[in-house]
Chemist: 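This structure is in structure tokens; I'll ask about it shortly.
First listed ligand is number 1; within each ligand, the first listed atom is number 1. The first residue of the sequence shown is numbered 1, and numbering continues consecutively from there. What you see is a predicted model, and the numbers here were worked out from it, not measured in a lab.
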Amino acid sequence: MNATQEKLKLQLEQALVAAFGADFAGLDPILVPASNPKFGDYQANVALSLSKKLGKQPRAIADAIVDKLDVSEICEPPQIAGPGFINLKLKTAYLEAQLNEIQADTRLGVPAAKTPRKEIVDFSSPNIAKEMHVGHLRSTIIGDSIARILEFQGHDVLRLNHVGDWGTQFGMLIAYLREVYPEALTTANALDIGDLVSFYRKAKLRFDTDEAFQEIARQEVVRLQAGAEDTIHAWKLLCEQSRREFQVIYELLDIKLTERGESFYNALLPKVVEDLEQSGLLVENQGAKCVFLEGFTNREGEPLPLIVQKSDGGYNYATTDLASLRYRIQQDQAKRIIYVTDAGQGNHFAQFFQVARKAGWIPDDVELVHVPFGLVLGEDGKKFKTRFGDTVRLRDLLDEAVSRAYADLKARLKEEERQETEEFINEVARIVGISAVKYADLSQNRTSNYIFSYDKMLDFKGNTAPYMLYAYARIQGISRKGDINFKELGNNAVLLQHETELALAKYLLQLDEIISTVEEDLLPNRLCEYLYELSKKFNQFYDRNQGVQVLEAEEPQRTSRLILCDLTARTLKLGLSLLGIQVLERM
Ligand code: ARG
């Protein structure tokens, strides 16, 4: 990697720090994007913050810094404004050189991680025999995007599906099926997931109301844990059934995942309790084995325990998570473990992280991150449900998005008097529909709740998938119209004159910064915002009145502008691919 590929902001920061001299190494130059583009591109506020400490006027400090500041390759001569802001304006020649460079780079100037890490993204993770719900949809979409970004950065990513495939619910379900539908426990494909879910509900009802049944169900759990052949066989069939249904959703969404469910860690659970006992953390509380937590109290203000083994000897969700955490650190050698679940599980993660830390199981170089997200709400602001008040099946939800995209496209074709094959229409509808669902989710700050609205997500205006896809297809339309091969535009031909060209150019160069921010804070909505802004900048550049001519322009401007078109399209395509969204050449 050469110097010009080094992150621009970092370069400027380093130059500023260098200007202070050795005494100030490690100082933050407080470099931010300029508040007003009239003054330049960046502004450093450090002189103001140092004033008190040095007992000098900020302007005098700014003068001293600028005196020594060497950014002449990148910027116009720095200007001092107001009480002591240092304004930096990027040189046009520098921007041109940078764009020439990323034009030739398939990664568009985004350097791969210098030190690739092993990272685990634990996402999707539905529960067997229960329906996958919208919460799992969010986890799937967000987790996949995070995994894609980390993979693109060159990390070694393990995508884990921590499915709920073990525990008391199976005792209940198997006991119930033995009674009402024993074939389901011996014959493959005897059930479909719809039946499975309704059997599960009935089994649960029975369990909650019938003591004798409770006992039978418990024995069934014991048999499962002891590995009794017929029970294990039945359990496997039930898992198969659910898995097939989950797979349909993953295929529709183009999601790759490695299944490693709760059952995988079953044999490791006793050792977790044993080791906690060894480390002196374990306390017996009313027959249950637990670890008392710091910072968590019940309503009476008493410390809260995390139960790792129930009084009946059974283990729970937290015990499994402790076992899986150890496995991921020791066997998988993960350096960062990312869990993508609804915010409601925040305490669960904080608690078992705490216990694992106290037990000394987390090496200093391992980072644990819970990535929480908010609820999906209906347009009435309440929990997302069907018109009949049932939970929405994900398959129906995705089908609906695709069929609405199909209807919209048909209407548009009619209006534009365009003829397209049914194959084309189906393909466009599928991509637009699925992308709309993904993008609507990813474009929200994940920590807030979001309102699910087909109308909004399929709108061609605004920060939506159709808008972004259209921006991309429109640029490909330019190449078709002018019969231009974007790959053969030549090198070193970028020439920036018009202000919309400069604005677009600067924006194109920020991709690396955005991606590395998302790599840290794991907020894909920042990437969405960036892509949205980029397409707006492009539209201003391509605008008949405000912008410039492209196909009709004279050389050498024409080629340069076509390169800007191509770079915008490639940035959109790459950015969208990191969100799990496929582009369309035509739509
Ligand atoms: N199966 C859980 C649920 O449906 C999510 C599991 C998340 N991952 C974990 N390691 N706890 O809520």
Chemist: Would you say the rings of Y532 and Y467 are close, in the sense that their centroids are separated by under 6.0 Å?
Modeler: yes
Chemist: State plainly whether the residues R328 and D122 are in salt-bridge range, i.e. N to O under 4.0 Å.
Modeler: yes
Chemist: Would D342 count as being in polar contact with ligand 1, using the rule that some N or O on each side must be under 3.5 angstrom apart?
Modeler: no
Chemist: In terms of residue, atom name and distance, what is the protein heavy atom nearest to atom 4 (O) of ligand 1?
Modeler: H136 NE2, 2.8 Å
Chemist: Looking at ligand 1, does F349 have a heavy atom less than 4.0 Å from it?
Modeler: yes
Chemist: Answer yes or no: does an N/O atom from Q345 fall short of 3.5 Å to an N/O atom of ligand 1?
Modeler: yes
Chemist: Looking only at protein heavy atoms, which one is nearest to atom 6 (C) of ligand 1, and how far off is it?
Modeler: Y317 OH, 3.2 Å
Chemist: Kindly say whether I307 contributes a backbone atom to a donor-acceptor pair with the side chain of N316 at under 3.5 angstrom?
Modeler: yes
Chemist: I want to know if ligand 1 touches H348 in the polar sense, i.e. an N/O pair below 3.5 angstrom.
Modeler: no
Chemist: Is it the side chain, the backbone, both or neither of Y265 that has a heavy atom closer than 4.0 Å to ligand 1?
Modeler: neither
Chemist: Does a salt bridge link E215 with R218, judged by any charged N lying under 4.0 Å from a carboxylate O?
Modeler: yes
Chemist: Checking side chain to side chain contact (heavy atoms under 4.5 Å, CB included) between K271 and each of D275, L268, V273, which is the one that passes?
Modeler: D275
Chemist: Between the side chains of R243 and E259, is the shortest nitrogen-to-carboxylate-oxygen separation below 4.0 Å, so that they form an ion pair?
Modeler: yes
Chemist: Could you check, using the six-membered ring where one of them is a Trp, whether Y339 and F353 have ring centers closer than 6.0 angstrom?
Modeler: yes
Chemist: Short list, please: which atoms of ligand 1 are under 4.0 Å from a heavy atom of Y339?
Modeler: 10 (N)
Chemist: Judging by distance only, is a nitrogen or oxygen of E262 under 3.5 angstrom from one on ligand 1?
Modeler: no
Chemist: What atoms in ligand 1 come closer than 4.0 Å to a heavy atom of T341?
Modeler: 7 (C)
Chemist: Could you tell me if the ring centre of Y315 sits under 6.0 Å from that of Y317?
Modeler: no
Chemist: Could you check atom 8 (N) of ligand 1 against the protein and tell me its nearest heavy-atom contact, residue, atom and distance included?
Modeler: D122 OD1, 3.1 Å
